[in-house]
There are 4 protein chains.
Amino acid sequence: MVRICALSGGRQAGKPLAEVFTSVAALDLPPLVNIDDVDFHGLDAVFCCLPHAAGQKTVASLPDRVKVIDLSADFRLRDTGVYEKWYGVHQAPTLQETAIYGLVEWYRADIARARLVANPGCYPTSALLALMPLLAAGVIDPSAIIIDAKSGVSGAGRTLRESSLAAEVQEGMTAYGIGGHRHLPEIEQGCSDAVGQPVQVTFTPHLVPMNRGILSTIYVALKDTGVSAGDIHDLLSRRYADEPFVIVLPPGQVAATRAVRGSNACHLSVHADSRAGRAVIVSAIDNLVKGASGQAVQNMNLLFGFNEAAGLSAVGMFP
Amino acid sequence: MVRICALSGGRQAGKPLAEVFTSVAALDLPPLVNIDDVDFHGLDAVFCCLPHAAGQKTVASLPDRVKVIDLSADFRLRDTGVYEKWYGVHQAPTLQETAIYGLVEWYRADIARARLVANPGCYPTSALLALMPLLAAGVIDPSAIIIDAKSGVSGAGRTLRESSLAAEVQEGMTAYGIGGHRHLPEIEQGCSDAVGQPVQVTFTPHLVPMNRGILSTIYVALKDTGVSAGDIHDLLSRRYADEPFVIVLPPGQVAATRAVRGSNACHLSVHADSRAGRAVIVSAIDNLVKGASGQAVQNMNLLFGFNEAAGLSAVGMFP
Amino acid sequence: MVRICALSGGRQAGKPLAEVFTSVAALDLPPLVNIDDVDFHGLDAVFCCLPHAAGQKTVASLPDRVKVIDLSADFRLRDTGVYEKWYGVHQAPTLQETAIYGLVEWYRADIARARLVANPGCYPTSALLALMPLLAAGVIDPSAIIIDAKSGVSGAGRTLRESSLAAEVQEGMTAYGIGGHRHLPEIEQGCSDAVGQPVQVTFTPHLVPMNRGILSTIYVALKDTGVSAGDIHDLLSRRYADEPFVIVLPPGQVAATRAVRGSNACHLSVHADSRAGRAVIVSAIDNLVKGASGQAVQNMNLLFGFNEAAGLSAVGMFP
Amino acid sequence: MVRICALSGGRQAGKPLAEVFTSVAALDLPPLVNIDDVDFHGLDAVFCCLPHAAGQKTVASLPDRVKVIDLSADFRLRDTGVYEKWYGVHQAPTLQETAIYGLVEWYRADIARARLVANPGCYPTSALLALMPLLAAGVIDPSAIIIDAKSGVSGAGRTLRESSLAAEVQEGMTAYGIGGHRHLPEIEQGCSDAVGQPVQVTFTPHLVPMNRGILSTIYVALKDTGVSAGDIHDLLSRRYADEPFVIVLPPGQVAATRAVRGSNACHLSVHADSRAGRAVIVSAIDNLVKGASGQAVQNMNLLFGFNEAAGLSAVGMFP
């Protein structure tokens with residue numbers, strides 16, 4: 001059984017959580033406190049949801065017995081040089097190098113033995129679940145991957161930015177961070193892991209007028225003219241046949257964010273391109289569940305030997 | 001424990017449910033069959049979700065041992081004359097008169113003993129939970145009630161209508177059915193039950209560019225100048241103190257549909273009007289949960305002596 | 001002919017307007033400058049769009065020959081005491097008392113002779129166009145008016161507020177400022193003008209997940225049982241028959257914001273209530289056009305003797 | 001001067017247009033009539049907006065003096081074999097072969113002399129304005145083009161389809177027609193025209209929860225390592241410097257549908273890819289204006305020697 005012992009909050013410290021999120025009004029939860037007022041010694045697990053860099057020292061100072069699932073980008077990149085290039089100097093480089101990347105379907109054994117798990121980013125989760133099996137099997141050209149990803153606005157968090165205002169977002173669409181989004185090195189690290197050599201991809205994120213969901217449309221070149229989109233579909237289906245949270249849709253269906261809204265599922269669909277020798281894969285997740293807190297719970301379950309799906313039974317909420 | 005033994009569907013019969021709603025792809029469910037192919041004899045309970053009139057004969061023909069939760073309007077109105085005026089001649093008038101109205105917080109004892117429960121409409125649920133305590137306590141004028149209600153588009157179902165098309169709905173707002181919506185007599189029946197005499201209300205539904213949620217803004221005249229909005233707040237708070245699904249928000253907060261999205265909760269907030277002697281109550285529900293299937297599960301739990309909140313633990317999904 | 005000679009901007013001063021609003025990229029416009037760098041002496045007219053209080057001294061310091069259309073709340077309330085209660089001490093009280101309220105359809109003659117026009121608020125425009133003819137004709141009870149108004153999020157401007165973030169607004173609805181919104185005294189001032197005695201109304205604004213549009217649902221009690229909703233419809237139709245921007249819809253149609261989006265039109269529809277002796281009026285405007293800049297241009301046209309509809313020919317953009 | 005002499009409608013014939021689209025309530029327009037009741041002899045121009053195939057015989061039967069702008073797909077594909085493959089047998093093949101493709105910026109001289117103009121599709125307009133200059137200049141690899149396009153739901157028209165219902169569209173996103181959308185051959189025809197040899201592209205359309213707008217994210221491989229994204233930007237800027245409706249945004253800005261909403265503009269932005277030798281171009285149009293009726297008016301202006309921008313002065317409506 002899991003019990004929530006403490007909840008910390010910055011500018012909201014001192015309030016009940018129900019005042020910040022009225023939706024939890026009926027739950028019996030501890031009040032929000034300043035992070036310095038949390039006694040970490042009695043705890044078994046900590047979910048760390050601070051902005052990148054802000055939690056590095058906190059994580060480093062936690063008692064050894066506490067297992068940590070970190071939801072920031074701080075511990076996702078194994079290479080300190082790459083981290084520094086995209087985020088600046090790391091304050092806990094040793095932890096960074098030993099943290100385990102929490103994409104459960106690919107690093108399950110390591111996670112089960114870990115003390116510090118870096119919960120994957122939302123875009124990387126949607127892209128890597130589609131790409132890693134194909135790269136590992138050697139059926140696609142690692143130098144010709146294009147990921148055109150579309151995200152709801154909750155991916156930007158609750159920070160006050162003009163670009164996150166409703167009147168800027170509703171009834172419109174745009175791209176951002178083209179060629180330079182911080183999730184790019186994380187996607188490339190996973191791809192490189194799968195294929196065993198450095199991989200560079202093209203990644204373009206877009207902002208869609210919806211709250212939740214990421215849809216990644218992924219263009220791949222088949223390595224061998226003997227491989228078809230149907231073969232790609234079979235390969236993904238076999239790879240994920242026993243995974244509770246990755247569903248490869250039957251041919252003819254297309255992955256859609258509405259089908260995974262509020263659930264920890266990732267839906268994948270495979271499509272023949274109009275040009276010979278290519279395929280299109282569509283990957284849909286809820287960026288706040290499989291792309292964040294749901295995957296974090298899945299990681300906790302794994303860390304403590306619980307049923308991996310405990311607490312994650314919600315199916316997609318449609319409409 | 002509850003097991004789903006059969007799922008019926010009209011034009012979708014023959015398909016797995018996962019083909020109609022991809023969100024349930026991971027669940028192990030029986031396929032959709034034609035309603036005539038369902039063997040009702042082994043069942044304990046039936047949720048009947050047919051359009052009004054379409055299910056009257058089916059319900060009448062069910063074996064006696066089967067308990068029924070009907071989600072249509074067919075059994076909500078006790079008065080056959082009122083039903084006929086709004087919907088046409090009823091084909092099972094005896095059942096209609098003996099069915100119990102499934103607003104659990106007000107008809108709990110009767111529901112527990114019932115065989116046929118009429119699950120309340122979405123607008124009536126949101127309005128009656130706010131109004132019935134005030135009418136029962138005699139603190140508001142029953143002849144001066146105005147309910148200005150706003151609904152997401154899922155309230156219209158999946159029927160193909162021009163007014164339900166995305167391009168008609170998104171980025172716009174309008175009212176409909178002014179003075180003549182079919183939920184009007186149902187609201188008036190509940191209000192009349194509470195006060196013990198016939199009540200007429202003003203009710204205006206609106207269509208809002210969102211999928212889920214009903215927000216009812218209710219204007220009441222306080223009967224006695226000694227009664228304040230604060231007293232109304234206290235009265236509602238006391239009435240619902242032990243109810244798991246009705247939350248009276250603290251003064252200063254305003255009920256919002258986003259806080260109840262996907263949950264079986266009804267949030268109520270009370271506000272002083274700018275004019276003396278009046279108050280405004282805001283009531284928020286998810287029209288598909290507390291306003292439909294969630295309340296239906298709550299009724300089933302009550303019919304079978306289960307924990308009333310079983311299967312209904314989801315909190316509001318925000319954002 | 002109208003020529004734009006100067007554009008001022010606060011934090012955006014120094015940029016071309018096209019950098020702030022890419023939509024004007026093709027227009028030849030002067031760059032944004034600091035307001036202190038504008039030479040007002042050569043100008044004929046100034047549109048002042050500063051936050052309330054911020055522009056009072058600027059307006060007071062303008063050369064006499066300059067005509068001013070002020071879009072803030074600063075000059076809308078004639079009574080300095082009422083202004084002070086809602087906004088604080090006014091710094092140009094003499095101007096405040098002599099400014100003309102720019103609701104063209106009701107104050108046309110005064111506006112034509114004015115030097116300073118206070119452009120009406122968005123909510124008051126939608127409510128007063130519906131209510132003033134009925135109050136002036138004495139057919140409704142001035143003490144029983146309820147205005148339930150719904151607005152798109154652009155009404156909140158581009159200020160960074162958590163409540164204006166897309167993830168807070170999309171797919172949800174709530175009320176705000178119940179009983180105490182600053183547009184309340186402005187609505188009451190117009191109602192009082194029409195009836196010739198102080199009027200108090202009930203006014204509840206709501207935030208709707210759309211960018212533009214205000215829909216006001218207005219509940220009125222007919223003074224005399226001989227008056228019907230049909231009579232109300234006739235009265236409004238006659239009153240606005242020659243007005244280019246106020247359309248009274250034929251019976252059976254309902255005013256909708258989508259029909260006025262981007263246009264300077266106000267659509268009104270009249271409906272019988274379910275209770276005898278009452279009627280419901282629905283009023284729809286685009287809050288940024290008839291509720292702000294469009295009405296401001298209409299006022300300018302009137303101030304300078306231009307065709308009142310010049311520059312305002314756009315019809316509603318649907319979808 | 002242009003005068004609208006007749007408006008035809010199918011199921012809506014007999015009604016005033018204002019009953020179908022309340023937004024035009026203030027315009028003085030002829031009523032909708034059955035197409036067979038239109039006297040085409042007195043007309044100079046016809047805009048034909050019938051579904052594909054439905055208008056072929058009508059267009060063929062029009063008097064010779066009538067110039068036609070056809071908004072269906074019927075006359076866009078020059079090759080009768082390609083048309084037949086995607087749409088079926090054409091009933092007016094001679095007209096099909098002689099019709100001029102109405103992408104003004106590329107076929108202006110031919111359009112000016114034409115009698116029948118095929119107004120381009122929405123997706124092709126957004127893609128071809130970006131791609132044709134690059135293909136014509138020979139700076140990109142014609143065999144490596146990927147167009148990931150996102151459209152608002154108005155692209156699907158007002159037909160009643162489950163996939164166009166608001167509850168299916170809002171708060172979600174998906175792809176459709178992958179590898180086989182009917183706009184694919186039209187895009188390929190334009191690309192082939194530009195480069196002078198057959199071109200095959202990858203094209204994936206998506207449905208976005210908004211009413212209007214197409215955003216095409218286009219991935220190109222630079223032919224020569226000496227060409228940079230900056231060179232692409234310069235090339236597009238020079239090509240469209242004198243075009244009133246194509247705006248190449250300054251480096252650092254990203255094309256967004258909100259900036260072109262309601263206007264006839266196409267916004268293009270150019271971005272360096274993270275991989276050497278590639279670039280990303282973002283193209284934004286309003287699918288109902290530059291992608292349909294606006295471009296149709298532009299074609300009419302050209303056909304009759306009017307100012308090409310007449311009637312098309314609206315800038316993007318934001319928000």
Side-chain angles (χ1 to χ4, degrees), chain B residues 143-146 148 150-152 165-181 184-185 188 200-204 206-215 217 219 221 229 254-261 269-276 278-280 282 284 318-319, chain C residues 143-146 148 150-152 165-181 184-185 188 200-204 206-215 217 219 221 229 254-261 269-276 278-280 282 284 318-319:
Chain B
S143 72
I145 295 168
I146 291 178
D148 190 283
K150 299 91 176 169
S151 174
L165 290 174
E168 315 280 318
V169 172
Q170 293 180 135
E171 185 55 22
M173 185 165 180
T174 191
Y176 67 100
I178 304 176
H181 191 281
L184 179 63
E188 292 183 344
Q200 270 197 309
V201 303
T202 293
F203 167 57
T204 308
H206 297 76
L207 179 60
V208 182
M210 59 185 187
N211 289 330
R212 288 173 173 244
I214 283 182
L215 193 85
T217 310
Y219 300 88
V254 187
T257 63
R258 67 168 173 265
V260 298
R261 191 157 57 214
S269 64
V270 181
H271 312 271
D273 190 355
S274 50
R275 285 185 297 174
R278 303 183 64 92
V280 181
V282 183
F318 169 75
Chain C
S143 72
I145 295 168
I146 291 178
D148 190 283
K150 300 90 175 169
S151 174
L165 290 174
E168 315 281 318
V169 172
Q170 292 180 135
E171 185 53 24
M173 186 165 178
T174 192
Y176 67 99
I178 303 175
H181 190 281
L184 178 63
E188 293 183 342
Q200 271 197 310
V201 304
T202 294
F203 167 57
T204 308
H206 297 76
L207 180 60
V208 182
M210 59 186 187
N211 289 329
R212 288 172 173 244
I214 283 182
L215 192 85
T217 310
Y219 300 89
V254 187
T257 63
R258 66 169 174 264
V260 298
R261 192 158 57 215
S269 63
V270 181
H271 311 271
D273 190 356
S274 49
R275 285 185 298 174
R278 304 182 63 93
V280 181
V282 182
F318 170 73

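Fair warning: this is a prediction, and the values are worked out from it, not measured in the lab. In what follows, every chain begins at residue 1, and chains take the letters A, B, ... in the order their sequences are listed. Side chains are part of it too, since the values below use all heavy atoms of this structure and drop only hydrogens, waters and symmetry mates.
Residues B:A229 and B:A279 approach most closely at CB-CB, 4.2 Å, considering heavy atoms. Heavy atoms only, all atoms of each residue included: B:A144 and B:A221 are closest at CB-CB, 4.0 Å.
The contact between C:V201 and chain B is made entirely by backbone atoms, counting heavy-atom distances below 4.5 Å. Only the backbone of C:A255 comes within contact range of chain B, with at least one heavy atom under 4.5 Å from a heavy atom of that chain. Looking at C:I145, only its backbone comes within 4.5 Å of chain B, counting heavy atoms on both sides. Within the 4.5 angstrom heavy-atom criterion, no atom of B:H181 approaches chain C. Interface residue C:I178: backbone and side-chain heavy atoms are both found under 4.5 Å from chain B. Heavy atoms closer than 4.5 Å to chain B are found in the backbone of C:Q170, but not in its side chain. When heavy atoms are compared at a cutoff of 4.5 Å, C:A175 approaches chain B by way of both its backbone and its side chain. In this structure, no portion of B:A284 lies under 4.5 Å from any heavy atom of chain C. The part of C:V282 that comes within reach of chain B is its side chain, from C-beta onward, which places non-hydrogen atoms under 4.5 angstrom from that chain.
Comparing B:T202, B:V208, B:T257 by heavy-atom pairs within less than 4.5 Å of chain C, the highest count is held by B:T202. If you tally non-hydrogen atom pairs under 4.5 Å between each of C:R261, C:Q200, C:K150, C:R278 and chain B, the highest count goes to C:K150. Of the listed residues C:L184, C:I146, C:V260, the one with more heavy-atom pairs under 4.5 angstrom with chain B than any other is C:I146. Of the listed residues (C:L215, C:D148, C:V254), the one with the most heavy-atom contacts under 4.5 Å to chain B is C:D148. Looking only at heavy-atom pairs under 4.5 Å with chain B, the residue among C:M173, C:E168, C:R258 that has the most is C:M173.
Counted by atom type alone, B:S151 and B:H206 present zero donor-acceptor pairs between their side chains at under 3.5 Å.
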For B:T204 and C:Y219: C-alpha separation, side-chain torsions, deciding distance, then whether side chain to side chain donor-acceptor pair (under 3.5 Å) applies.
CA-CA 10 Å; B:T204 308; C:Y219 300 89; 3.0 Å; yes
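Residues satisfying the salt bridge (charged side-chain N to carboxylate O under 4.0 Å, His left out) test with C:R275, not counting sequence neighbours, are none. Looking at residues two or more places apart in sequence or on another chain, you find a salt bridge (charged side-chain N to carboxylate O under 4.0 Å, His left out) between B:R212 and B:D286.
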